[in-house]
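Inspection log for the structure reproduced underneath, given as structure tokens.
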Amino acid sequence: MKIQKTLKRRLIFKPYEGDPNVVAGVDLSFPSREEGLAVIVLLEYPSMKVLRYVSERVKIRFPYIPGLLVFREGPAFLKAWEKLQVKPDLVVFDGQGIAHPRGIGIASHMGLFISIPTIGVAKSRLYGWHEELPNEEGASVPLKDKFGNTIGYVIRTKKSGKPIYISPGHLIDVESSYRIIKHMTVPGKRIPEPTRIADILTKKLKKGLF
DNA sequence: GCGACAG
DNA sequence: ATCTTGTCGC
């Protein structure tokens, strides 16, 4: 996509100084084929205590195509983002940051729109290569691009289970992303709190509960 | 042309 | 992502 190649040049990577105060987690569920339910949860850092959340139902027009996820879920996120009164210091997305074929996954793309540091936490690999990951909780190996540059990390947050793939989105670098994600991960849970809670809420809301 | 392929 | 109960493993 031409849009991605153009926007990619605007991405900024730098160390995240200090610690965030309020972080957000984003995720979507699909009540029907043409309707998406986006949820943005605000959590206190590093306690990971849930502060509040907002949700928004949106018409889905774009299909899911690997590498173009932002065009399907981005609009829904932005609508929910507008309803958010208090803006977080950092946002965690369910998907890739720069660990993407064109270097701009949904976390990076949305980061450019909101101008706030973003990190991508994916449950599977889309792009990048890495050495074998030890089967021990907490193990991690760098994820590299075709030139050998480190673009993120593969982390075994839970023993004997699929790892997670993290990469910076925008306004943060690889090492800072790794450090912060580590602090948001609870022992025994595979997915870091922001995205994990957002996922629970998105599905619970879909079922009409809560 | 053949495979890979976030959610 | 979604369709779906019980069930194997840590």
Side-chain angles (χ1 to χ4, degrees), chain A residues 1 3-4 7-8 11 25-41 55-80 91-112 118-130 134-139 143-146 151-170 174 177 181 186-192 194-209:
Chain A
M1 183 63 80
I3 296 175
Q4 297 181 314
L7 291 179
K8 167 181 163 56
L11 293 174
V26 184
D27 192 33
L28 274 74
S29 66
F30 297 83
S32 69
R33 187 173 170 175
E34 72 295 342
E35 183 178 39
L37 178 53
V39 168
I40 299 179
V41 200
S55 64
E56 184 77 1
R57 294 207 165 205
V58 183
K59 293 297 179 182
I60 299 298
R61 307 165 184 293
F62 209 83
Y64 167 67
I65 299 175
L68 301 181
L69 179 66
V70 68
F71 299 108
R72 176 180 173 74
E73 305 190 345
F77 159 68
L78 291 175
K79 259 203 168 185
V91 183
V92 180
F93 286 82
D94 188 1
Q96 312 292 350
I98 61 173
H100 177 281
R102 288 170 291 289
I104 181 169
I106 190 169
S108 299
H109 200 127
M110 290 299 97
L112 288 171
T118 58
I119 300 175
V121 176
K123 297 183 291 297
S124 61
R125 189 200 71 91
L126 170 65
Y127 175 85
W129 298 267
H130 63 86
N135 185 191
E136 293 177 27
E137 185 171 314
L143 181 65
K144 301 179 177 181
D145 62 17
K146 60 183 179 182
I151 54 177
Y153 277 100
V154 183
I155 310 174
R156 180 146 270 144
T157 51
K158 199 171 190 289
K159 193 170 184 177
S160 296
K162 290 167 57 181
I164 59 172
Y165 300 73
I166 75 162
S167 57
H170 178 48
V174 176
S177 297
I181 287 298
V186 175
K189 309 275 187 182
R190 180 165 92 108
I191 309 299
T195 303
R196 193 179 73 78
I197 300 299
D199 177 72
I200 293 174
L201 289 174
T202 204
K203 289 173 180 172
K204 189 164 291 187
L205 286 170
K206 183 182 66 175
K207 293 182 178 179
L209 307 173

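Quantities reported herein were computed from a predicted structural model and do not represent experimental measurements.
DNA chain C is contacted by both S160(A) and D199(A); D199(A) maps to the nucleotide lying nearer its 5′ end (nearest heavy atom per residue).
Listed pair Y64(A) / dA6(B) meets the phosphate criterion, a side-chain N or O lying under 4.0 Å from OP1 or OP2. For the pair K123(A) and dG7(B), the criterion of a side-chain N or O lying under 4.0 Å from OP1 or OP2 is met. The side chain of R33(A) contributes no N or O atom lying less than 4.0 Å from OP1 or OP2 of dT2(C). Distances shorter than 4.0 Å separate some side-chain N or O of K206(A) from OP1 or OP2 on dT2(C). Between S124(A) and dG7(B) there is a side-chain N or O to OP1 or OP2 distance below 4.0 Å.
Look at CG on L28(A): it is 14 Å from C1' on dT2(C), rounded to the nearest Å. Taking atom CH2 on W129(A) and atom P on dC5(B), their separation rounds to 11 Å, with Å as the unit. Rounded to an integer number of Å, the gap from I106(A) CD1 to dA1(C) P is 13 Å. Computed from coordinates, the R125(A) CZ to dG7(B) P distance equals 12 Å when rounded to whole Å. Atom pair Y165(A):OH and dA6(B):P shows a separation of 11 Å (rounding to whole Å applied). Summarising the geometry, the separation between NZ on K203(A) and P on dT2(C) is reported as 6 Å, rounded to the nearest angstrom. If you measure from atom CD of E73(A) to atom P of dA6(B), you get 12 Å, rounded to the nearest angstrom. Look at NZ on K158(A): it is 15 Å from P on dG9(C), rounded to the nearest Å.
Taking the centre and axis of the six-membered ring of F71(A), the NZ or CZ atom of R61(A) falls outside the cone set by 45° and 6.0 Å.
Salt-bridge formation is detected for the pair E35(A)/R57(A): a Lys NZ or Arg NE/NH1/NH2 atom is positioned less than 4.0 Å from an Asp or Glu carboxylate oxygen. Electrostatic pairing of D94(A) and K123(A) counts as a salt bridge here, judged by a charged N lying under 4.0 Å from a carboxylate O.
Using a 4.5 Å heavy-atom threshold, the side chains of S55(A) and V39(A) count as touching. Counting heavy atoms from C-beta outward, L7(A) and I104(A) have side chains that approach closer than 4.5 Å.
When heavy atoms are screened at a 4.0 angstrom cut-off, I166(A) is found touching no nucleic acid atom at all. As judged by a 4.0 angstrom heavy-atom cut-off over every strand, G67(A) is placed among the base-contacting residues.
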